[in-house]
Amino acid sequence: MTTLPPLREVIARHGLSASKALGQNFLFDEQLLDRIAAIPGSLDGAKVLEVGPGPGGLTRALLRAGAEVTAIEMDRRCLPALAELEAAFPGKLKVIEGDAMKIDPATLFDGPYHIASNLPYNVGTALFTGWLSGEAWPPQWSSLTLMFQEEVARRIVAEPNTSAYGRLAVLAQWRSKAKLALKVHRSAFTPPPKVMSAIVHVVPGEAPAGVSMRVLERLTEAAFGQRRKMLRQSVKGMPGAIEALERLGIDAQRRAETLTVDEFVQVARELTAPKD
Ligand SMILES: C[S@@+](CC[C@H](N)C(=O)[O-])C[C@H]1O[C@@H](n2cnc3c(N)ncnc32)[C@H](O)[C@@H]1O
């Protein structure tokens, strides 16, 4: 097995002081990184997209697990450290210097791939919702293993009738299975962020038939936009929504957070193909 220098030494040698603007909180604990890389299951021979490899902590764990990694990093200061990893795992790591917000991962792979990332917090949710929002389903990615602030992770896996339940939960659960895979203490990062973190693992499920993603999005936006109001108030601007609730026997006096993901799907289906 290739022996790599400790990550702290890599950071020091390349002068990689953490940049707040780039959401840089690095992980150095190799055991923890190996545990994270194990979350998707066996990666031996699998293709993996990593966003924000930084000095390459998670990258080396993914490579150790046998993955072929394509990594997108915005901070060019990290490139020499990543070049050392490329040399240690010949042909297994491709580094793209750029902004992950501007790169469609589908253009990087011609087959299935996993996404694993200790996401920069400032763009994490936007990247995540983008990966979940394609009309075509199943997506080309086979799984997402992503670090979030714990509060965001809890919103992704939230159940109805909780304050964390909202648009993010419906988006993440209506045609995917999302679970909280690992809590990560703030002290595991350098520098430690103000809040705790957690890793969410998502795999695509079956897409319910006859439901448009856009309609579901508009519905949840309206319903949770006024989450304290009854549905008859919050969704009244959506033509046909009140009638759809009636047809389905869903009491319009309920509030958005009491509807299950399946109930949102049923309403969206009615609105996707309105009845006469
Ligand atoms: C939380 S750090 C994680 C670093 C490393 N993977 C680790 O676990 O120690 C986030 C990384 O994402 C990079 N980054 C921030 N915004 C980015 C973007 N829009 N596209 C690509 N990389 C980005 C940062 O430079 C940083 O290296």
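Start at 1 and go down the list; that is how both ligands and their atoms are numbered. Sequence positions, counted from 1, serve as the residue numbers for this chain. Excluded from the calculations below are hydrogen atoms, water molecules and symmetry mates; all remaining heavy atoms, backbone and side chain alike, are included.
Closer than 4.0 angstrom to ligand 1 sit non-hydrogen atoms from Leu22, Gly23, Gln24, Asn25, Phe26, Leu27, Glu50, Gly52, Pro53, Gly54, Ile72, Glu73, Met74, Asp75, Gly98, Asp99, Ala100, Asn118, Leu119, Pro120.
Remark: the backbone N or O of Met147 is not paired with any side-chain donor or acceptor of Ser197 at under 3.5 angstrom.
Considering all non-hydrogen atoms of both residues, Thr162 and Glu159 come closest at OG1-O, 2.6 Å.
Counted within 6.0 Å of CZ on Arg35, heavy atoms from surrounding residues, nucleotides or ligands total 12 or fewer; the atom is thus considered open.
A salt bridge between Glu221 and Arg218 is absent, with no side-chain N of the basic residue lying under 4.0 Å from a carboxylate O of the acidic one. Salt-bridge check for Arg247 with Glu243: failed, with every basic side-chain N at 4.0 Å or more from each acidic carboxylate O.
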Worked verdict on Val195 versus Glu150 for side-chain contact (heavy atoms from CB on, under 4.5 Å): CA-CA 7 Å; Val195 293; Glu150 186 180 354; over 6 Å; no
